[in-house]
Amino acid sequence: MKTRLFLILAFFLTIMCNAQISFDPRLLITDNDTIQGVETAISADMDGDGDEDVLVTSWFADVIAWYENLDGNGNFSSFKRITGGILIDDPNFIQAADMDNDGDLDVVVANWGYDPNISWIENLDGQGTFGNGHPVTELHYALVVHPADIDNDGDMDLVAVGDYHLIWMENLDGLGNFGPQIIISDSISVSEAFEVSDIDGDGDLDITYADSVDNMVVWYENTDGQGTFGPQQMISDQTNGTRTVITKDMDHDGYLDVVSTSFPNGIVWFKNMDGQGTFMTAQMVFATAEPIYEIWVEDLDADGNNDVIAANNEAGKISWFKNDAAGNFGTEQILLTDLTGVSSLFTDDYNGDGKMDILTASFDFNDTKVIWLENRGPLGIEENSTNLFSIYPNPTNGLLHVKSTLPIVEITLYNNLGQLLFTSTEKNQVDISTLTEGIYFVKIINGNSQTETKKIVKK
């Protein structure tokens with residue numbers, strides 16, 4: 001029996017690892033009179049129903065809004081404005097995080113225009129009813145804001161860029177009341193490229209930043225885990241006009257590397273050699289003289305490697321580049337063309353099939369679009385089944401929920417070699433938080449002895 005299961009899983013794994021993947025575009029936003037010039041489009045579960053909704057900022061219309069994923073299959077509602085009773089003026093960036101520790105996702109927004117430039121708006125009922133806007137600070141020309149626990153006290157602080165400053169603000173009480181600006185750097189130029197992550201592997205969050213004017217990529221160490229940042233540490237001074245920087249493990253050594261754009265060089269990545277923030281010189285992902293402003297990093301083909309997605313703004317083109325697990329990338333694979341003024345990239349599973357889809361948007365005033373690209377391949381085990389069960393979130397980094405119309409009698413988990421890892425004691429969820437990143441298979445049996453095996457991704 002184990003041998004048979006091993007062969008079956010190995011067969012499907014071979015298909016998944018070697019097949020080319022295809023994407024089908026799905027138009028999400030058509031109400032162009034309301035949403036004009038989308039600067040940022042992201043996704044998060046705003047109503048707590050287990051699927052991924054979409055949030056957008058409209059620069060020209062001075063609007064932030066969300067679109068509900070109505071059925072978990074990527075069919076979205078019409079426009080839902082988020083106001084909170086605060087001024088929204090040239091909103092540049094939006095994020096979702098639990099700012100008041102009440103168990104649901106609130107909205108954080110960076111306004112380029114008038115004060116308050118950084119604000120958060122409360123999700124009142126956990127179902128996407130928004131109110132109670134909370135101004136946080138004045139930060140002229142605010143470009144980006146990231147919620148993150150900078151001081152390791154269990155709540156979401158805020159890190160932001162604007163007014164030639166890189167700053168963070170402490171969530172004083174865990175309820176969304178913030179302290180004054182704490183300056184990380186006051187000598188930066190205008191850039192929206194920064195990430196919050198643990199670059200040196202010491203258990204706290206550092207800042208990686210790319211300066212598009214001074215043409216450099218640097219990082220700042222959180223020296224005490226409480227938000228005291230050290231001096232700027234150089235990663236590269238050879239990049240040009242960098243608009244995006246991302247930290248991900250690109251070569252399976254367990255360390256966070258850095259991926260960035262560089263005009264006119266294309267896309268490059270920097271290997272974190274020792275896991276402590278010592279970086280190699282740039283390695284090429286894709287060389288081009290065309291401007292690439294937006295990139296994203298995600299495992300698109302479910303082979304366990306982080307691939308790179310890129311947006312060519314002038315050509316209106318979305319492409320991806322396959323990673324061979326060592327940080328060597330394949331040729332450009334074009335997914336979409338003629339999307340004027342691409343302004344945003346994001347990935348998530350919008351139809352609950354376990355594959356990572358792509359969310360993108362255009363900044364064109366006259367032809368604004370938000371599109372999600374459905375990942376149609378490679379063929380997964382769940383596509384050969386009768387879909388008696390649904391699982392979410394997938395990918396996940398912790399708890400996996402299982403839904404069934406009939407009672408579940410058994411849930412078992414296997415690795416990609418067909419080896420039994422454990423049988424879940426719970427009948428509607430599986431805790432995989434202790435497993436390493438990679439591909440696994442969940443076998444589910446209901447009360448009628450009907451069985452499905454579904455592929456899941458631990459991230």
Side-chain angles (χ1 to χ4, degrees), residues 40-57 63-69 80-89 91-111 115-139 142-162 167-182 184 194-197 204-205 207 222 225-227 346 348 392-393 396-399 401 433:
T40 304
I42 67 164
S43 58
D45 184 7
M46 303 310 299
D47 52 1
D49 63 354
D51 54 42
E52 300 304 305
D53 311 302
V54 169
L55 298 100
V56 300
T57 65
V63 163
I64 60 175
W66 74 288
Y67 294 80
E68 181 184 355
N69 192 337
K80 297 186 178 186
R81 185 188 294 263
I82 303 171
T83 60
I86 61 174
L87 179 65
I88 303 296
D89 184 55
N92 194 72
F93 194 80
I94 193 169
Q95 270 283 18
D98 185 2
M99 303 307 299
D100 52 1
N101 279 317
D102 63 353
D104 56 42
L105 293 178
D106 310 299
V107 166
V108 183
V109 61
N111 276 324
D115 300 326
N117 303 102
I118 305 294
S119 304
W120 71 277
I121 303 172
E122 185 178 353
N123 189 342
L124 296 175
D125 56 4
Q127 299 178 32
T129 303
F130 289 92
N132 299 341
H134 300 269
V136 174
T137 194
E138 296 180 6
L139 185 68
L143 286 165
V144 179
V145 57
H146 285 303
D149 185 7
I150 295 298
D151 52 2
N152 280 311
D153 63 353
D155 54 43
M156 288 289 105
D157 310 303
L158 293 174
V159 187
V161 168
I167 65 164
W168 78 279
M169 294 158 288
E170 181 184 358
N171 190 338
L172 298 173
D173 54 6
L175 302 176
N177 297 302
F178 285 86
Q181 296 180 12
I182 301 172
I184 300 171
F194 81 91
E195 277 229 335
V196 183
S197 60
D204 55 44
L205 295 175
I207 310 293
N222 189 343
Q226 298 180 33
F346 201 82
D348 218 327
Y392 68 90
T396 181
N397 58 9
L399 204 61
H401 298 277
S433 58

Report task. Ignoring hydrogens and angles, tell me if any N or O in the side chain of N101 forms a donor-acceptor pair with the backbone of G174 under 3.5 Å. Result -> yes

Report task. Taking all heavy atoms of A44 and all of L105, pick out the closest pair and write down the distance. Result -> CB-CD1, 3.8 Å

**Report entry** Verdict with supporting geometry, Y67 and D53, side chain to side chain contact (heavy atoms under 4.5 Å, CB included)
**Finding:** CA-CA 6 Å; Y67 294 80; D53 311 302; over 6 Å; no

Query raised in the report: Closest heavy-atom contact between E52 and D45?
Result: OE1-N, 3.6 Å

Query raised in the report: For the atom pair CG (D106) and CD (Q95), what is the distance rounded to the nearest 0.5 Å?
Result: 12.5 Å

Query raised in the report: Looking at D149, I207, D157, which hits side chain to side chain contact (heavy atoms under 4.5 Å, CB included) with V196?
Result: I207

Requested in this report: Flag the pair I64 / L55 as yes when at least one side-chain heavy-atom distance between them is below 4.5 Å, and no otherwise.
Outcome: no

Query raised in the report: Is there a side-chain contact between V159 and V145 (heavy atoms, below 4.5 Å)?
Result: no

Requested in this report: Look only at the side chain of T57 and the backbone of I94, and say whether a donor-acceptor pair between them is shorter than 3.5 Å.
Outcome: no

Query raised in the report: How about Y392 and D51: do any of their side-chain heavy atoms sit closer than 4.5 Å?
Result: no

Query raised in the report: Less than 4.5 Å apart, any side-chain heavy atom of H146 and any of F194?
Result: yes

Report summary line: Partner of D155 under side chain to side chain contact (heavy atoms under 4.5 Å, CB included), picked from N171, D173, L172, is N171

Requested in this report: Return yes if some donor-acceptor pair links the side-chain N/O of T137 with the main-chain N/O of L139 below 3.5 Å, else return no.
Outcome: no

Requested in this report: For residues T83 and I88, determine if any side-chain heavy atom of one lies less than 4.5 Å from a side-chain heavy atom of the other.
Outcome: no

Requested in this report: Please report the closest heavy-atom contact between I121 and G131, naming both atoms and the distance.
Outcome: CG2-O, 3.6 Å

**Report entry** Student check: side-chain heavy atoms of M169 and I167 closer than 4.5 Å
**Finding:** yes

Query raised in the report: Is there side-chain contact between R81 and V63, with at least one heavy-atom pair below 4.5 Å?
Result: yes

Query raised in the report: Where is the tightest heavy-atom contact between A142 and I118, given as atom of each residue plus distance?
Result: CB-CD1, 3.9 Å

Query raised in the report: How many angstroms lie between CG in L205 and CG in N152, if you round to the nearest 0.5 Å?
Result: 7.0 Å

Query raised in the report: With side chains defined as the heavy atoms from C-beta onward, is the minimum distance between F93 and V109 less than 4.5 Å?
Result: no

Query - W120 and H134 aromatic ring geometry - parallel, tilted or perpendicular at 30°/60° bounds - result: parallel

Query - Nearest atoms (heavy-atom pairs only) where N123 meets M46 - result: ND2-O, 2.9 Å

Report task. Write down the atom of P147, the atom of V108, and the distance for their closest heavy-atom approach. Result -> CG-CG2, 4.1 Å

